[in-house]
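Hydrogens, waters and symmetry mates are skipped; everything else that's a heavy atom, side chains included, is used.
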Amino acid sequence: MDVDDPSPRAGGGGADPPRIRRLEESVVNRIAAGEVIQRPSSAVKELVENSLDAGASTVSVTVKDGGLKLIQVSDDGHGIRFDDLPILCERHTTSKLSTYEDLQTIKSMGFRGEALASMTYVGHVTVTTITEGQLHGYRVSYKDGVMENEPKPCAAVKGTQIMVENLFYNMVARRKTLQNSNDDYPKIVDFISRFAVHHINVTFSCRKHGANRADVHSASTSSRLDAIRNVYGASVVRDLMEIEVSDENAGDAVFKMDGYISNANYVAKKITMILFINDRLVDCTSLKRAIEYVYSATLPQASKPFIYMSINLPSEHVDVNIHPTKKEVSLLNQERIIEIIKNIIEEKLRSSNTTRIFQTQAGNPSALIQANTQKEKGTDIKMASGMKSQKTPVNQMVRTDPRNPSGRLHTYWHGQSSNLEKKTDLVSVRNVVRSRRNPKDACDLSSRHELITEVDSHCHPGLLEVVKNCTYVGLADEVFALIQHNTRLYLVNVVNVSKELMYQQALCRFGNFNAIQLSEPAPLQELLLMALKDDELMGDENDEEKKEIAEVNSEILKENAKMINEYFSIHVDKDGNLTRLPVVLDQYTPDMDRLPEFVLTMGNDVTWDDEKECFRTVAAAIGNFYALHPPILPNPSGSGIQLYKKNRDSMASGEHVDNTDEDDIDQELLAEAETAWSQREWTIQHVLFPSMRLFLKPPKSMATDGTFVQVCSCVSKLMGI
């Protein structure tokens with residue numbers, strides 16, 4: 001008998017059957033995690049659904065390497081309680097239900113409490129959250145369902161940010177099958193697009209890490225068609241029909257359905273079906289197959305349709321607990337519901353199939369006459385000599401290959417105009433097309449392009465190589481950080497580098513910023529007065545003069561409010577209150593203690609009457625404000641803790657005291673300082689330097705002004721030089 005034969009052996013001389021063992025909990029959890037989180041798109045779907053369950057009005061998704069290196073989902077929902085953080089990523093912990101009976105009437109998208117736990121078993125998870133009323137947020141990392149450390153206070157914006165790094169790092173086979181990062185990112189974009197169409201009151205964005213523009217960006221709207229237009233384009237919306245059906249009178253199948261389906265004019269190579277059942281994104285193979293059959297039987301070319309459908313049923317008629325990733329549900333009387341939907345779609349299609357719209361192109365009359373004359377002459381020649389007729393003019397041909405230059409727009413233009421006039425017309429057409437695609441680019445932005453060109457031309461190639469391929473070592477002191485490139489060690493001035501990076505990002509994201517909403521509007525005059533009181537150059541000028549200066553600067557900012565809001569997302573309302581600031585770098589919020597200084601710089605130092613200088617000085621002001629300056633509170637490490645003593649008489653007299661009694665320390669102020677400095681160190685390592693590698697183009701001046709200083713070469717030390 002073959003060794004691998006599983007059939008029972010004859011006689012009693014065979015080997016003993018294998019012993020059944022209870023698996024270790026870590027093995028069970030990892031197996032379950034691989035079933036729940038099948039690929040990066042599964043993780044994104046679970047995290048976005050959690051954000052929607054949290055009541056978010058804005059959901060932002062950032063992905064790196066198809067989600068294997070990084071998945072970051074940020075929302076402005078209600079956040080997570082501090083007391084819940086220890087059990088947040090344990091299996092089967094949830095706020096959605098408490099008893100099994102609750103599952104029969106569940107309305108939230110999540111309910112098992114498995115998704116976050118599963119992610120911690122196959123990736124590195126970091127959660128940053130803040131709830132309403134808290135002065136600061138908390139950041140904590142998880143591994144294998146438990147916290148790796150205690151939650152640390154940090155700066156945070158409203159809501160929750162969950163970051164999953166190195167997904168499937170401990171599942172070699174799974175990671176190898178997902179090595180092609182191009183495979184999963186389109187699936188993630190597709191998921192976000194579907195959520196954006198259904199949840200029209202939520203703003204969604206999805207982008208690759210480091211990209212300036214989002215691949216999906218949908219603003220909240222009151223119209224479903226507007227949402228479809230934002231995501232899938234106007235050409236799709238043009239060919240959609242509204243559909244609606246209900247079966248409220250039938251006691252065995254109470255349901256409502258509304259949505260949009262494509263008509264006979266819609267042409268696509270594959271079906272797009274967006275199905276939500278009780279606001280839950282699901283697949284239904286039998287319904288999809290029935291709809292495809294109706295289209296193939298009704299329309300002559302059997303075109304693949306576009307379907308958006310939202311079905312609402314009583315909760316007790318839907319079983320949501322039949323699939324590990326909740327992608328499928330089971331419906332009571334499913335066959336009857338599908339039959340009703342199929343019939344209403346067939347009826348709608350038959351009524352729309354009586355007319356078809358075909359796109360035509362008007363020809364040039366003079367060219368048509370010329371072509372007909374040539375055709376007649378060619379026919380005469382052919383009849384007389386048997387030669388072939390002349391070739392059809394290109395302006396009468398249909399181009400089937402987009403790479404073929406014949407058939408482009410300029411081939412249809414004939415006349416006596418010069419080549420210069422033709423070129424001018426072509427430029428004007430391009431400008432019109434560009435202005436339709438992006439209205440913000442329609443104005444004269446040559447000055448902004450000149451500034452970006454200056455950044456490129458002044459870039460130091462040697463430093464660029466160092467920046468792109470450096471390794472972060474750590475902080476040397478309050479201003480300098482250490483980096484390594486090949487065998488060389490460099491000191492880098494963090495303030496100068498971050499200032500230049502923020503300046504360049506302000507130019508690159510020009511007109512396309514996300515925004516930070518201030519919790520309360522900040523009056524410009526109050527901010528300006530605060531800055532003037534702290535300005536040493538103002539001396540002892542009286543309060544009336546300072547108030548007058550504040551009023552003048554406030555009026556200047558209000559006069560230019562429309563421009564700075566449109567191009568830099570700095571929003572000043574009609575009452576002179578600052579309400580929004582731009583997001584210059586993702587995951588980074590500037591030090592708000594420097595906001596008064598920023599507002600004063602905007603009012604006092606910006607050159608408003610020259611476009612190029614205006615853009616330059618505003619970007620420079622943003623760069624200085626967002627730069628990673630040392631916190632205003634002194635560094636409490638080492639001897640700096642002496643500055644936080646409640647009794648400073650001994651310090652004032654010059655006495656040196658080594659002992660630091662805890663009762664003599666202002667613990668509240670000390671905790672605030674430690675949080676500020678640790679937050680800055682984390683931001684430098686995890687935000688500044690990764691962004692610097694991606695975006696910074698170091699100017700030549702940085703090679704000589706002390707921003708980059710080579711400390712040593714490891715090769716020199718090894719050789720004894």
Side-chain angles (χ1 to χ4, degrees), residues 44-63 72-79 107-110 129-132 156-162 188-207 211-234 236-237 240 242 258-260 272 274-281 306 308-310 312 437-440 509 511-521 562 565-573 579-583 586:
V44 172
K45 180 175 180 288
E46 296 285 355
L47 293 175
V48 170
E49 287 178 344
N50 282 350
S51 296
L52 295 172
D53 285 341
S57 60
T58 301
V59 179
S60 176
V61 179
T62 304
V63 176
Q72 179 182 295
V73 177
S74 307
D75 65 61
D76 61 351
H78 51 58
K107 294 186 182 297
S108 62
M109 281 170 274
T129 186
I130 184 172
T131 56
E132 189 173 357
V157 294
K158 178 190 176 186
T160 303
Q161 179 189 91
I162 297 180
I188 294 171
V189 170
D190 183 57
F191 272 132
I192 303 302
S193 300
R194 292 166 185 261
F195 280 119
V197 167
H198 183 73
H199 297 277
I200 59 176
N201 58 336
V202 179
T203 298
F204 289 90
S205 70
C206 178
R207 73 179 71 217
N212 286 329
R213 289 184 177 272
D215 294 297
V216 178
H217 184 74
S218 68
S220 60
T221 178
S222 58
S223 168
R224 185 83 60 198
L225 283 177
D226 286 344
I228 297 174
R229 183 182 292 108
N230 288 339
V231 176
Y232 291 97
V236 174
V237 174
L240 295 184
E242 188 173 6
D258 62 88
Y260 291 90
T272 301
I274 306 171
L275 176 62
F276 281 81
I277 297 180
N278 287 3
D279 294 328
R280 187 185 303 276
L281 178 61
F306 179 96
Y308 162 73
M309 202 171 287
S310 176
N312 288 293
R437 288 178 179 171
N438 192 347
K440 288 186 178 179
R509 297 196 177 196
N512 194 38
F513 287 95
N514 290 330
I516 301 171
Q517 186 75 37
L518 300 186
S519 56
E520 293 182 4
K562 184 177 180 181
N565 180 43
E566 181 177 1
Y567 294 146
F568 297 100
S569 288
I570 301 171
H571 183 259
V572 176
D573 63 21
T579 61
R580 282 199 302 269
L581 291 170
V583 176
D586 295 333

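Within the model, atoms CG of N230 and OG of S223 stand 9.5 Å from one another, a figure rounded to the nearest 0.5 Å. Taking CG of N278 as the reference point, atom OG of S310 lies at 8.5 Å (rounded to 0.5 Å). The distance from the OG atom of S193 to the CD1 atom of I188 is 11.5 Å, given to the nearest 0.5 Å. Atom CZ of residue R194 and atom CG of residue L275 lie 9.0 Å apart, to the nearest 0.5 angstrom. Of the inter-residue distances, the one linking F195 atom CZ with D190 atom CG reads 10.5 Å to the nearest 0.5 angstrom. Rounding to the nearest 0.5 Å gives a distance of 11.0 Å between OH of Y232 and CG of L240.
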With side-chain contact (heavy atoms from CB on, under 4.5 Å) as the test, would you mind laying out the steps for V61 and V216 before giving the verdict? CA-CA 9 Å; V61 179; V216 178; over 6 Å; no
What do the steps show when you test V48 against F204 for side-chain contact (heavy atoms from CB on, under 4.5 Å), and what is the final call? CA-CA 10 Å; V48 170; F204 289 90; 4.0 Å; yes
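The shortest distance between side-chain heavy atoms of P582 and I570 falls below 4.5 Å. Two residues are said to be in side-chain contact when any heavy atoms from C-beta on lie closer than 4.5 Å; K158 and E132 fail this criterion. Annotation: side chain of F306 is in contact with side chain of I228 (closest heavy-atom distance under 4.5 Å). Side-chain contact between F276 and N312 is absent, with no heavy-atom pair separated by less than 4.5 Å.
The minimum heavy-atom distance between V189 and C206, with the atom names listed, is CG2-SG, 4.3 Å. Across all non-hydrogen atoms, the minimal contact from N212 to R207 is O-NH1, 2.9 Å. The minimum heavy-atom distance linking T579 with Q517 is given by the pair O-NE2, 3.5 Å. Nearest approach of D279 to H198, heavy atoms of both residues: OD1-NE2, 2.7 Å. In this structure, S51 and D75 approach most closely via the heavy-atom pair OG-OD2, 2.8 Å. Residues H217 and S205 come closest through the heavy atom pair ND1-CB, 3.8 Å.
Formation of a donor-acceptor pair under 3.5 Å by the R580 side chain with backbone atoms of N565 is not found in this model. Between the D76 side chain and the T58 main chain, a donor and an acceptor come within less than 3.5 Å of each other.
None of V202, V197, T203 except one satisfies the side-chain contact (heavy atoms from CB on, under 4.5 Å) rule with H199; the exception is V202. The side-chain contact (heavy atoms from CB on, under 4.5 Å) test with V73 is passed by exactly one of V63, L47, N50: L47.
Taking F191 as the reference, nothing meets the ring pair (Phe, Tyr, Trp, His ring centres under 6.0 Å) condition, with sequence neighbours excluded.
Between the side chains of S74 and S60, no donor-acceptor pair of N or O atoms lies under 3.5 Å.
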